[in-house]
Amino acid sequence: MRIGAHVDPTDPLAEAAARQAEAVQFFLADPQGWKAPKPREDAERLRSADVDLYVHAPYVINVATLNNRIRIPSRKLLLAHATAAADVGARGLIVHGGHVNAGHDVAVGFDNWRKTFAYAADSGGFPLPVLIENTAGGDNACARHLDSLARLWDALGDHEVGFCLDTCHAYAGGEELLGLVDRVKAITGRIDLIHANNSKGAFNSGQDRHDNLTGGTIDPELLVAVIRAAGAPVIVETPGGVEGQTADIAFLRGQLGAAA
């Protein structure tokens with residue numbers, strides 16, 4: 001099981017080394033902005049590294065919305081980030097499940113996801129796996145609750161799509177962690193990546209506030225059980241910089257190794 005962290009994008013490989021990480025996740029552009037990523041001068045070094053790379057798409061992307069001024073640019077930006085992520089050798093592009101506005105039919109949001117993959121297919125398809133991530137909040141979210149996730153996967157049909165399970169988001173979103181992996185896999189058939197995060201917020205609070213693995217409101221043993229059951233690569237998106245994330249990675253290695 002490869003374990004790593006979300007890091008500053010300036011020099012991801014140096015950040016990996018500082019944490020003794022086997023994997024890193026990073027942004028290729030401003031996560032709150034709409035600018036397409038620029039080619040990286042270190043692309044060849046990243047492609048040839050023995051560290052597994054994952055790219056997180058900007059938070060502003062929402063391909064589910066009925067708002068044309070957000071949905072259409074979101075489709076284009078998602079494809080641009082997928083292309084740029086493939087160029088640096090990333091194993092996957094993580095994107096949040098999105099939502100529709102209050103009063104809008106969430107079924108249209110699921111169909112807008114289908115149209116996003118159809119849009120990409122018109123230009124040859126996404127060049128790497130797109131991993132849709134469950135989200136913590138919102139009553140009109142497409143990937144907060146498992147019943148919504150099932151409708152999303154039904155809408156995507158035969159399109160190849162991956163899944164990223166965030167433990168904080170699941171817990172804060174109101175999904176019990178015990179047995180969660182089996183319930184998710186019954187819907188998606190897969191878990192491609194784990195975002196291993198404890199939660200500052202309470203169960204079903206809807207709060208997307210990450211904490212270190214041995215802090216927060218989730219029993220650390222339960223977190224470890226979810227990660228072990230998923231058997232997927234792990235990225236911690238926890239606070240504390242190098243020190244905090246190194247401790248979280250070491251904790252996971254110790255717990256998972258002890259059970260091996």
Side-chain angles (χ1 to χ4, degrees), residues 27 29 31-34 36 55-83 85 92-123 125-126 128-176 180 183-193 195 201 204-209:
F27 293 110
Q32 302 291 354
W34 290 96
V55 170
H56 201 302
Y59 299 131
V60 294
I61 288 178
N62 183 7
V63 302
T65 181
L66 278 65
N67 184 338
N68 289 345
R69 294 183 179 182
I70 295 176
R71 185 182 69 257
I72 293 173
S74 290
R75 287 180 188 168
K76 295 178 180 178
L77 191 60
L78 184 63
L79 185 55
H81 275 264
T83 301
L93 175 70
I94 298 91
V95 60
H96 288 175
H99 62 278
V100 302
N101 290 339
H104 289 171
D105 186 356
V106 71
V108 180
F110 299 134
D111 194 53
N112 283 339
W113 263 110
R114 179 191 63 79
K115 291 178 179 178
T116 296
F117 276 80
Y119 167 81
D122 287 342
S123 57
F126 289 111
L128 83 172
V130 171
L131 313 182
I132 298 177
E133 179 182 354
N134 61 308
T135 51
D139 294 329
N140 303 295
C142 292
R144 174 179 178 177
H145 297 298
L146 294 190
D147 57 348
S148 296
L149 189 67
R151 294 178 66 187
L152 175 57
W153 244 250
D154 286 343
L156 289 171
D158 295 330
H159 291 291
E160 182 70 15
V161 56
F163 184 67
C164 173
L165 174 62
D166 187 303
T167 55
C168 168
H169 295 178
Y171 178 83
E175 294 292 342
E176 294 285 352
L180 177 63
R183 298 196 302 277
V184 167
K185 286 187 174 180
I187 294 167
T188 65
R190 60 199 286 173
I191 295 175
D192 299 86
L193 186 68
H195 280 173
N204 204 27
S205 64
Q207 296 178 347
D208 183 1
R209 298 175 62 218

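Quick note: numbers below take in every heavy atom, side chains included, and nothing from hydrogens, waters or symmetry partners. As the structure is a prediction and not an experimental result, all values here were calculated from the model.
Contact annotation: the side chain of Asn62 never approaches that of His96 to less than 4.5 Å [non-hydrogen atoms, C-beta and beyond]. Within the 4.5 Å cutoff, no side-chain heavy atoms of Asn134 are placed close to those of Glu175. Under the 4.5 Å side-chain criterion, counting only non-hydrogen atoms from C-beta, His99 is in contact with Asn101. Using a 4.5 Å heavy-atom cutoff, the side chains of His169 and His195 are not in contact. In this structure, the side chains of Lys185 and Phe163 stay at 4.5 Å or more apart for every pair of heavy atoms. No side-chain heavy atom of Asn112 sits less than 4.5 Å from a side-chain heavy atom of Thr65. Looking at heavy atoms from C-beta onward, Ile187 lies in side-chain contact with Leu146 at the 4.5 angstrom threshold. Ile132 places a side-chain heavy atom less than 4.5 Å from the side chain of Leu156.
Atom-to-atom distance recorded for Lys76:NZ and Trp34:CH2 is 11.5 Å, nearest 0.5 angstrom. Going from atom CZ of Phe110 over to atom CG of Asp105 covers 9.0 Å, rounded to the nearest 0.5 Å. To the nearest 0.5 Å, the span separating CG on Asn204 from NE2 on His145 amounts to 6.0 Å.
Residues passing the salt bridge (Lys or Arg N to Asp or Glu O under 4.0 Å) test with Lys115, sequence neighbours excluded: Asp111. For Asp192, the salt bridge (Lys or Arg N to Asp or Glu O under 4.0 Å) partners at least two apart in sequence or on another chain are Arg190.
At distances below 3.5 Å, not a single donor-acceptor pair connects side-chain atoms of Arg144 with backbone N or O atoms of Gly137. A side-chain donor-acceptor contact under 3.5 Å links Arg183 to the backbone of Glu176.
Residue-environment remark: CG (Asp139) stays at or below the threshold of 12 foreign heavy atoms within 6.0 Å.
Across all their heavy atoms, Gly33 and Pro58 have their closest contact at O-CB, 4.0 Å. Residues Leu149 and Ala143 share a closest heavy-atom pair of CD1-CB, 4.2 Å. Of all non-hydrogen atoms in Leu79 and Ala120, the two that sit nearest each other are CD1-CB, 4.3 Å. Across all their heavy atoms, Gly109 and Cys142 have their closest contact at C-SG, 4.2 Å. For Val95 against Trp113, the heavy-atom pair with the smallest separation is CG1-CH2, 3.8 Å. Heavy atoms only, all atoms of each residue included: Leu93 and Ala57 are closest at CD1-N, 3.8 Å.
The aromatic rings of Phe117 and Phe126 sit perpendicular, their planes meeting at an angle over 60°, well past the 30° parallel limit.
Residue Ser74 forms a side-chain contact (heavy atoms from CB on, under 4.5 Å) with just one option from Leu77, Leu78, Ile72, Ile70, and that option is Ile70.
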Trace of the side chain to side chain contact (heavy atoms under 4.5 Å, CB included) decision for Leu165 with Leu180: CA-CA 10 Å; Leu165 174 62; Leu180 177 63; 3.9 Å; yes
